[in-house]
J.: 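Pasting a structure here, questions to come.
Numbering starts at 1 and runs along the sequence shown. In listed order, ligands and their atoms are each counted from 1. Remember, it's a predicted structure, so these values are computed and weren't measured experimentally.
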Amino acid sequence: MAIQIAPSVLAADFARLADEAAAVADVADWLHVDVMDGHFVPNLTIGLPVVAALLKHAALPLDCHLMIADPDRWAPEYASAGARNVTVHAEASAAPVRTLRMIRSAGARAGLAVNPGTAVEPYADLLPEIDMLLVMTVEPGFGGQSFLDLVLPKLRRARHLIARHGSEVWLQVDGGVTGETIGRCAEAGADMFVAGTAVFGAEEPAAAVEQLRAAAEAAGRHPWPEAIE
Ligand code: DX5
Ligand code: ZN
């Protein structure tokens, strides 16, 4: 899978979401939308009504990252609304197989996310049920945190699991992804990169996306899984 960049609107101006989305529409692959409920994570952001509004204005497909306590209840609704990818946290889902299947049957790609302290191995059997695995590289809840290098060995293990499974599952990283850290993620096997501050905190968001992509391509050992030794 080619490198994909998903700017996170968490670092954008929420009062100008459509304009901010337009600023990266020509260069990014996805628009990452962080849904937080103040329960699963301490922060509170936006929910279904704002995502539905953004869907009408954003040219890029929406990648909805649900950091909410009850994803089983809400995830299918984001898919039905038109989000192209919906990711639920393994730590929050009581019935991940059912929820992932409902996301897919509503027409979206299904993502499964794991926090920095959550191992990926227990979820290996779910690989056939998902289109993307999100390995969080910060504790979820806030933008602008420092990248956690301690996650890199797990990222490598995740890439090996996916390679062994022989599937097309994308491997996403989210949190602290910058021009300085993205190369390490790509080298470890990530192929989809979420970046909030590094894009919308930059003077020119579109140029920042292009720089991130170039840095990831320079460092990555793609295409996977053939390149894995
Ligand atoms: C954090 C969110 C991220 C956040 C990343 O919980 O899931 O998507 O926007 O922000 P940066 O890139 O600033 O770390
Ligand atoms: Zn996110």
J.: Among protein heavy atoms, which lies nearest atom 6 (O) of ligand 1, and at what distance?
T.: Gly141 N, 2.7 Å
J.: Using the rule side chain to side chain contact (heavy atoms under 4.5 Å, CB included), only one of Val88, Val86, Ile103 pairs with Tyr78; which is it?
T.: Val86
J.: When you look at Asp63 and Arg109, which way does the salt bridge (Lys or Arg N to Asp or Glu O under 4.0 Å) test go after all the steps?
T.: CA-CA 9 Å; Asp63 167 28; Arg109 296 175 62 88; over 6 Å; no
J.: Need the ligand 1 atom indices (1-based, order shown) with element for anything under 4.0 Å from a heavy-atom of Asp174.
T.: 2 (C), 3 (C), 4 (C), 5 (C), 7 (O), 8 (O)
J.: Any atoms of ligand 1 less than 4.0 Å from a non-hydrogen atom of Val194? List them with their elements.
T.: 8 (O)
J.: Provide the protein N, O or S atoms situated under 2.8 Å from the Zn ion (ligand 2); waters are not included.
T.: His32 NE2, Asp34 OD1, His65 ND1, Asp174 OD2
J.: Taking the non-hydrogen atoms of Ala11, is any one of them nearer than 4.0 angstrom to ligand 1?
T.: no
J.: Determine yes or no for a side-chain-to-main-chain donor-acceptor pair under 3.5 angstrom, with Ser80 supplying the side chain and Ala106 the backbone.
T.: no
J.: Tell me, please: is Ala198 in heavy-atom contact with ligand 1, that is, under 4.0 Å?
T.: no
J.: Using a 4.0 Å heavy-atom cut-off, which part of Ala195 comes near ligand 1: side chain, backbone, both, or neither?
T.: backbone
J.: Run the numbers for me: atoms of ligand 1, each under 4.0 Å from some heavy atom of Gly175, listed by number.
T.: 14 (O)
J.: Starting from atom 13 (O) of ligand 1, which protein heavy atom do you reach first, and at what distance in Å?
T.: Thr197 OG1, 2.4 Å
J.: Hey, which atoms in ligand 1 end up nearer than 4.0 Å to a heavy atom of Asp34?
T.: 2 (C), 3 (C), 4 (C), 7 (O), 8 (O), 9 (O)
J.: If you measure from each non-hydrogen atom of Leu10 to ligand 1, which part falls under 4.0 Å: side chain, backbone, both or neither?
T.: side chain
J.: In ligand 1, which numbered atoms sit nearer than 4.0 Å to a non-hydrogen atom of His32?
T.: 8 (O)
J.: Checking a contact table here: which protein heavy atom is nearest atom 10 (O) of ligand 1, and how many Å away?
T.: Gly143 CA, 3.5 Å
